[in-house]
Amino acid sequence: MPVTALHVSYGPDPDQYAELTLPGSAARAVVVIIHGGYWRAAYDAELGRPLAADLAARGFAAWNLEYRRAGKGGGWPETFEDVCAGIDALAPAAREYDVDLSRVVLLGHSAGGHLAVLAAARTDPHVLPAGVVSSSGVLNLAEAHELGLSDGAVRNFLGCTPEEDPRRYRDADPMHALPLQVPVWALHGEEDSTVPLSSSSSWVDAARASGTRAQLRMIPGDHFAMITPGTKAWDAVVDVVCEAAGIPAV
């Protein structure tokens, strides 16, 4: 049975923490869960808890990451800085709990996919991921702003328009974080009406052109099926997590 081992704070704010859920035996790999919610404070790590429990039951260690969101101390760059610090905090936690970090996969959903891909672009991480799995990630920030997704979520996150601060938009956009040294699997729900397919496909096209190992995979279901254990969509996500970790599917 999976056991929630600890609540780890990586900063002074109450939202700067992660939850480590361990399997009953040695972990097959480690999955860093980065939840979505269009970077807004209304959505939190509760979104990742069912995924962490399911992954632990399948033999993974899960690091469910919380971070400050827009409207609650976050926004750009604070939200991204928290995600990077939270991933790095996995290193000392792994030493304490004897978790092997040779196979770490970043798994981000929606806005969490955006944050996971950006985090993989870092040049000095304390935890080196084997791969990134983006589930209907917001990977083309300029397009998301132009479309006004989720009532202007991008402007709310960045605190300005592209005209007011074009560099801020560029720095926060995964389209400009290329090339990556880490392979990326961009998954997208066949019935997703929350984040357009072009958000994933345009990024994968740009990533491949830059020499980044990236691929687009369509999976069954809508935007939320891929974070709902028991669905075909979630099973497909787990299969790709195994592929990213270089281990057999479960």
Trainee: Please, which pairs that meet salt bridge (Lys or Arg N to Asp or Glu O under 4.0 Å) have at least one residue in residues 97-123, sequence neighbours excluded?
Mentor: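 Matches after skipping sequence neighbours: Asp88-Arg122.
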Trainee: Quick one: list whatever passes side-chain contact (heavy atoms from CB on, under 4.5 Å) with Pro77, sequence neighbours left out.
Mentor: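 side-chain contact (heavy atoms from CB on, under 4.5 Å) check on Pro77 returns Glu81, Arg168.
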Trainee: Under 3.5 Å, side-chain donor or acceptor atoms of residues 28-39 against the rest of the protein: list the pairs with distances, not counting sequence neighbours.
Mentor:
residue : atom : partner : partner atom : Å
Arg28   : NH2  : Pro248  : O            : 2.7
His35   : NE2  : Glu66   : OE1          : 2.8
Tyr38   : OH   : Thr194  : O            : 3.2
Trp39   : NE1  : His114  : ND1          : 3.3

Trainee: Listed by chain and number, what are the salt bridge (charged side-chain N to carboxylate O under 4.0 Å, His left out) partners of Asp82, not counting sequence neighbours?
Mentor: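 Residues passing salt bridge (charged side-chain N to carboxylate O under 4.0 Å, His left out) with Asp82: Arg68.
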Trainee: Under the rule for side-chain contact (heavy atoms from CB on, under 4.5 Å), what residues qualify as partners of Ala41, not counting sequence neighbours?
Mentor: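 Once residues adjacent in sequence are excluded, the partners of Ala41 under the side-chain contact (heavy atoms from CB on, under 4.5 Å) criterion are Arg69, Lys72.
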Trainee: Taking only residues two or more places apart in sequence, or in another chain, which ones meet Trp76 in a side-chain hydrogen bond (donor to acceptor under 3.5 Å, both in side chains)?
Mentor: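 Once residues adjacent in sequence are excluded, Trp76 has no partner under the side-chain hydrogen bond (donor to acceptor under 3.5 Å, both in side chains) criterion.
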Trainee: Sequence neighbours left out, what passes ring-ring contact (aromatic ring centres under 6.0 Å, His included) with His188? Give chain and number order.
Mentor: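 His188 satisfies ring-ring contact (aromatic ring centres under 6.0 Å, His included) with no other residue.
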Trainee: Checking Ser110 now: which residues fulfil side-chain contact (heavy atoms from CB on, under 4.5 Å) with it, not counting sequence neighbours?
Mentor: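 side-chain contact (heavy atoms from CB on, under 4.5 Å) check on Ser110 returns Val138, Val195, His223.
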Trainee: Which residues satisfy the side-chain contact (heavy atoms from CB on, under 4.5 Å) test with Pro179, sequence neighbours excluded?
Mentor: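 Scan of Pro179 (side-chain contact (heavy atoms from CB on, under 4.5 Å), adjacent residues dropped) gives Ser210, Thr212.
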Trainee: With sequence neighbours excluded, what pairs up with Ser9 under the side-chain hydrogen bond (donor to acceptor under 3.5 Å, both in side chains) test?
Mentor: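 Expected list: none.
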Trainee: Scan residues 180-195 for pairs that pass salt bridge (Lys or Arg N to Asp or Glu O under 4.0 Å), counting only residues two or more places apart or in two chains.
Mentor: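 Output for this query is empty, none listed.
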Trainee: What pairs of residues pass the salt bridge (Lys or Arg N to Asp or Glu O under 4.0 Å) test when at least one of them lies in residues 40-55, not counting sequence neighbours?
Mentor: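 As it turns out, the salt bridge (Lys or Arg N to Asp or Glu O under 4.0 Å) pairs with a partner in residues 40-55, which skip direct neighbours, are Glu19-Arg49, Glu46-Arg49, Asp54-Arg58.
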